[in-house]
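All ligand and atom numbering here is 1-based and tracks the order in the structure. Only a predicted model underlies this, so the values are computations on that prediction, with no experimental measurement involved. The figures here come from the full heavy-atom set of this structure, side chains too, leaving out hydrogens, waters and symmetry mates.
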Amino acid sequence: MIIAVWLMLPAYVPNSMAAVFGGGRPIDGGRVLKDGQRILGDGKTYRGLFVGIACGVLLGLLQMALLNSLSEFTDISLPSFSYRGSHTIVILFSLASGSLFGDMFKSFFKRRFGMKRGASLPLVDQLDFVLGAWTFTYLSSPEWFLMNFNRNIMVTVLIITPLLHLTTNVVGYFIGVKKEPW
Ligand code: CTP
Ligand code: MG
(Lines give C-alpha, C1' and ligand atoms only; values in the text may rest on other atoms or scores of the structure.)
(Ligands and ions follow the chains in the order given, each with its own letter.)
Protein backbone atom coordinates (compact mmCIF):
# COMPACT_ATOMS: atom_id res chain seq x y z
CA MET A 1 0.00 0.00 0.00
CA ILE A 2 2.85 2.38 0.83
CA ILE A 3 4.47 1.61 -2.51
CA ALA A 4 1.18 2.19 -4.33
CA VAL A 5 0.75 5.62 -2.69
CA TRP A 6 4.41 6.48 -3.28
CA LEU A 7 4.14 5.71 -6.99
CA MET A 8 0.86 7.59 -7.35
CA LEU A 9 1.76 10.74 -5.37
CA PRO A 10 2.89 12.70 -8.47
CA ALA A 11 -0.53 11.85 -9.98
CA TYR A 12 -2.59 12.56 -6.85
CA VAL A 13 -1.14 15.97 -6.02
CA PRO A 14 -2.00 17.71 -9.33
CA ASN A 15 -5.72 17.26 -8.64
CA SER A 16 -5.59 18.74 -5.15
CA MET A 17 -3.33 21.58 -6.24
CA ALA A 18 -5.59 22.36 -9.21
CA ALA A 19 -8.48 22.62 -6.77
CA VAL A 20 -6.49 24.92 -4.45
CA PHE A 21 -4.86 27.15 -7.08
CA GLY A 22 -7.19 26.72 -10.07
CA GLY A 23 -9.33 29.51 -11.43
CA GLY A 24 -9.14 32.15 -14.09
CA ARG A 25 -9.42 31.45 -17.78
CA PRO A 26 -11.19 28.19 -18.59
CA ILE A 27 -9.36 25.92 -21.06
CA ASP A 28 -12.39 25.77 -23.36
CA GLY A 29 -12.50 29.59 -23.44
CA GLY A 30 -16.21 29.47 -22.59
CA ARG A 31 -17.11 27.78 -25.88
CA VAL A 32 -20.15 25.54 -26.22
CA LEU A 33 -20.71 22.67 -28.63
CA LYS A 34 -23.80 22.01 -30.77
CA ASP A 35 -25.49 20.29 -27.84
CA GLY A 36 -25.57 23.68 -26.10
CA GLN A 37 -23.22 22.54 -23.35
CA ARG A 38 -19.72 23.79 -22.59
CA ILE A 39 -16.81 21.83 -24.06
CA LEU A 40 -15.22 21.30 -20.63
CA GLY A 41 -16.77 23.84 -18.28
CA ASP A 42 -15.47 26.46 -15.85
CA GLY A 43 -13.98 23.77 -13.60
CA LYS A 44 -11.07 23.16 -16.00
CA THR A 45 -8.71 26.13 -16.09
CA TYR A 46 -5.23 26.80 -17.48
CA ARG A 47 -3.96 27.81 -14.07
CA GLY A 48 -5.23 24.59 -12.48
CA LEU A 49 -3.64 22.57 -15.26
CA PHE A 50 -0.19 24.23 -15.16
CA VAL A 51 0.10 24.62 -11.40
CA GLY A 52 -1.14 21.05 -10.94
CA ILE A 53 1.38 19.54 -13.34
CA ALA A 54 4.22 21.63 -11.87
CA CYS A 55 3.36 20.52 -8.33
CA GLY A 56 3.17 16.86 -9.33
CA VAL A 57 6.57 16.98 -11.05
CA LEU A 58 8.16 18.90 -8.16
CA LEU A 59 6.81 16.46 -5.59
CA GLY A 60 8.21 13.58 -7.66
CA LEU A 61 11.62 15.26 -7.78
CA LEU A 62 11.46 15.74 -4.01
CA GLN A 63 10.59 12.04 -3.61
CA MET A 64 13.63 11.17 -5.73
CA ALA A 65 15.83 13.40 -3.60
CA LEU A 66 14.54 11.77 -0.42
CA LEU A 67 14.67 8.22 -1.73
CA ASN A 68 18.00 7.31 -0.19
CA SER A 69 17.44 8.85 3.22
CA LEU A 70 13.94 7.36 3.50
CA SER A 71 15.26 3.91 2.64
CA GLU A 72 17.32 3.98 5.82
CA PHE A 73 14.16 4.24 7.93
CA THR A 74 12.13 1.50 6.34
CA ASP A 75 12.53 -2.03 5.06
CA ILE A 76 10.15 -1.31 2.21
CA SER A 77 12.13 -0.66 -0.93
CA LEU A 78 10.55 2.49 -2.30
CA PRO A 79 10.64 2.52 -6.11
CA SER A 80 12.48 5.17 -8.05
CA PHE A 81 10.93 7.20 -10.88
CA SER A 82 13.61 6.13 -13.28
CA TYR A 83 14.58 2.89 -14.92
CA ARG A 84 17.14 2.17 -17.59
CA GLY A 85 16.33 4.25 -20.67
CA SER A 86 13.37 6.03 -19.03
CA HIS A 87 13.94 9.57 -17.84
CA THR A 88 12.72 10.71 -14.45
CA ILE A 89 11.29 13.94 -15.77
CA VAL A 90 9.37 12.16 -18.54
CA ILE A 91 7.88 9.68 -16.08
CA LEU A 92 6.90 12.40 -13.61
CA PHE A 93 5.48 14.64 -16.31
CA SER A 94 3.41 11.72 -17.63
CA LEU A 95 2.02 10.87 -14.20
CA ALA A 96 1.14 14.50 -13.44
CA SER A 97 -0.21 15.56 -16.83
CA GLY A 98 -1.95 12.22 -17.46
CA SER A 99 -3.79 12.73 -14.21
CA LEU A 100 -5.19 16.12 -15.21
CA PHE A 101 -5.87 15.10 -18.82
CA GLY A 102 -7.82 12.09 -17.54
CA ASP A 103 -9.83 14.51 -15.42
CA MET A 104 -10.45 16.79 -18.42
CA PHE A 105 -11.44 13.87 -20.61
CA LYS A 106 -14.04 12.95 -18.01
CA SER A 107 -15.35 16.52 -17.83
CA PHE A 108 -15.78 16.50 -21.63
CA PHE A 109 -18.06 13.46 -21.37
CA LYS A 110 -19.88 14.81 -18.33
CA ARG A 111 -20.81 17.90 -20.36
CA ARG A 112 -21.92 15.73 -23.30
CA PHE A 113 -24.26 13.93 -20.90
CA GLY A 114 -25.63 17.33 -19.91
CA MET A 115 -24.09 17.20 -16.43
CA LYS A 116 -23.31 20.58 -14.93
CA ARG A 117 -19.92 21.49 -13.49
CA GLY A 118 -19.42 19.69 -10.21
CA ALA A 119 -22.18 17.12 -10.81
CA SER A 120 -21.07 13.86 -9.27
CA LEU A 121 -20.29 10.73 -11.24
CA PRO A 122 -19.36 8.16 -8.60
CA LEU A 123 -16.25 6.07 -9.21
CA VAL A 124 -15.56 7.86 -12.52
CA ASP A 125 -14.75 11.04 -10.55
CA GLN A 126 -12.37 9.03 -8.39
CA LEU A 127 -10.62 6.99 -11.06
CA ASP A 128 -10.47 9.27 -14.12
CA PHE A 129 -7.07 10.62 -13.16
CA VAL A 130 -5.67 7.18 -12.29
CA LEU A 131 -6.52 5.89 -15.75
CA GLY A 132 -5.17 9.07 -17.36
CA ALA A 133 -1.90 8.87 -15.43
CA TRP A 134 -1.46 5.17 -16.24
CA THR A 135 -2.23 5.66 -19.93
CA PHE A 136 0.22 8.55 -20.33
CA THR A 137 2.95 6.80 -18.36
CA TYR A 138 2.51 3.50 -20.16
CA LEU A 139 2.75 5.26 -23.51
CA SER A 140 5.79 7.37 -22.61
CA SER A 141 7.73 4.88 -20.47
CA PRO A 142 6.37 1.36 -20.98
CA GLU A 143 9.36 -0.40 -19.43
CA TRP A 144 9.25 1.62 -16.22
CA PHE A 145 5.47 1.30 -16.05
CA LEU A 146 5.40 -2.49 -16.38
CA MET A 147 8.30 -2.82 -13.99
CA ASN A 148 6.52 -0.87 -11.22
CA PHE A 149 2.80 -1.18 -11.78
CA ASN A 150 2.33 -4.92 -11.43
CA ARG A 151 -1.11 -6.38 -10.87
CA ASN A 152 -0.99 -6.17 -7.07
CA ILE A 153 -0.03 -2.51 -7.12
CA MET A 154 -2.70 -1.66 -9.70
CA VAL A 155 -5.44 -3.41 -7.72
CA THR A 156 -4.28 -1.67 -4.54
CA VAL A 157 -4.36 1.72 -6.30
CA LEU A 158 -7.88 1.09 -7.63
CA ILE A 159 -9.09 0.29 -4.11
CA ILE A 160 -7.35 2.98 -2.07
CA THR A 161 -7.70 5.87 -4.53
CA PRO A 162 -11.48 6.36 -4.16
CA LEU A 163 -11.06 6.29 -0.38
CA LEU A 164 -8.15 8.75 -0.39
CA HIS A 165 -9.91 10.95 -2.93
CA LEU A 166 -13.09 11.09 -0.87
CA THR A 167 -11.16 11.95 2.28
CA THR A 168 -9.16 14.75 0.67
CA ASN A 169 -12.25 16.16 -1.03
CA VAL A 170 -14.21 16.28 2.20
CA VAL A 171 -11.25 18.11 3.76
CA GLY A 172 -11.09 20.40 0.69
CA TYR A 173 -14.80 21.09 1.03
CA PHE A 174 -14.50 22.09 4.66
CA ILE A 175 -11.48 24.32 4.14
CA GLY A 176 -13.37 25.89 1.26
CA VAL A 177 -11.34 25.02 -1.84
CA LYS A 178 -13.93 22.57 -3.19
CA LYS A 179 -17.52 23.49 -3.93
CA GLU A 180 -18.77 19.96 -3.45
CA PRO A 181 -17.48 17.30 -1.07
CA TRP A 182 -16.67 14.87 -3.96
N1 CTP B 1 -9.48 22.81 -11.44
C2 CTP B 1 -8.92 23.71 -12.35
N3 CTP B 1 -8.31 23.25 -13.48
C4 CTP B 1 -8.24 21.92 -13.77
C5 CTP B 1 -8.80 21.00 -12.86
C6 CTP B 1 -9.42 21.47 -11.70
O7 CTP B 1 -8.95 24.91 -12.12
N8 CTP B 1 -7.63 21.52 -14.90
C9 CTP B 1 -10.12 23.33 -10.22
C10 CTP B 1 -11.49 23.97 -10.48
O11 CTP B 1 -11.60 25.08 -9.64
C12 CTP B 1 -12.45 22.85 -10.06
C13 CTP B 1 -11.72 22.20 -8.91
O14 CTP B 1 -10.33 22.28 -9.28
O15 CTP B 1 -13.71 23.34 -9.68
C16 CTP B 1 -12.12 20.77 -8.64
O17 CTP B 1 -11.88 19.96 -9.76
P18 CTP B 1 -12.96 18.91 -10.29
O19 CTP B 1 -13.72 18.26 -9.22
O20 CTP B 1 -12.25 18.05 -11.26
O21 CTP B 1 -13.93 19.89 -11.16
P22 CTP B 1 -15.47 20.19 -11.06
O23 CTP B 1 -15.65 21.62 -10.70
O24 CTP B 1 -16.15 19.16 -10.25
O25 CTP B 1 -15.92 20.06 -12.58
P26 CTP B 1 -16.39 18.78 -13.43
O27 CTP B 1 -17.86 18.64 -13.26
O28 CTP B 1 -16.00 19.14 -14.81
O29 CTP B 1 -15.63 17.60 -12.93
MG1 MG C 1 -15.78 17.30 -9.53
Of the side chain and backbone of K178, name the one, both, or neither that has a heavy atom under 4.0 Å from an atom of ligand 1. side chain
Ligand 1 versus K110, non-hydrogen atoms closer than 4.0 Å: side chain, backbone, both, neither? side chain
Member of K44, R117, R38 meeting the side-chain contact (heavy atoms from CB on, under 4.5 Å) criterion with S107: K44
Pick from [options]: the one approaching [atom] most closely through a non-hydrogen atom:
atom	options	result
atom 11 (O) of ligand 1	R47, K116, R117	R117
atom 1 (N) of ligand 1	G43, S16, S99, P14	G43
atom 17 (O) of ligand 1	M115, K44, R111	K44

Ion pair present between D125 and K110, side-chain N to carboxylate O less than 4.0 angstrom? yes
Has the side chain of S94 got a donor or acceptor atom that lies under 3.5 Å from a matching backbone atom of T137? no
Do E143 side-chain atoms and Y83 backbone N/O form a donor-acceptor pair below 3.5 Å? no
Over 60° means perpendicular and under 30° means parallel, so classify the ring planes of W6 and F81, tilted if in between. parallel
I'd like to check whether M104 has a polar contact with ligand 1, where a contact means an N/O of the residue lying under 3.5 Å from an N/O of the ligand. no
With respect to S107, determine whether any N or O atom, backbone or side chain, lies less than 3.5 Å from an N or O atom of ligand 1. yes
With atoms numbered from 1 as shown, which atoms in ligand 1 lie under 4.0 angstrom from a non-hydrogen atom of [X]?
X	result
T45	2 (C), 3 (N), 4 (C), 7 (O), 8 (N)
G22	7 (O)
D103	5 (C), 20 (O)
G23	7 (O)
G118	22 (P), 24 (O), 25 (O), 26 (P), 27 (O)
A19	9 (C), 13 (C), 14 (O)
K106	29 (O)

Is it the case that over 12 heavy atoms from other parts of the model lie below 6.0 angstrom from the CE atom of M1? no
Heavy-atom distance under 4.5 Å between the side chains of W134 and V157, does that happen here? yes
Could you list the donor-acceptor pairs under 3.5 angstrom formed between side-chain atoms of residues 9-20 and any protein atom two or more places apart in sequence or on another chain?
| from | atom 1 | to | atom 2 | distance (Å) |
| --- | --- | --- | --- | --- |
| Y12 | OH | T161 | OG1 | 2.8 |
| N15 | ND2 | S99 | OG | 2.8 |

Tell me whether the NZ or CZ atom of R112 lies within the 45° cone about the ring axis of F108 and under 6.0 Å from its centre. yes
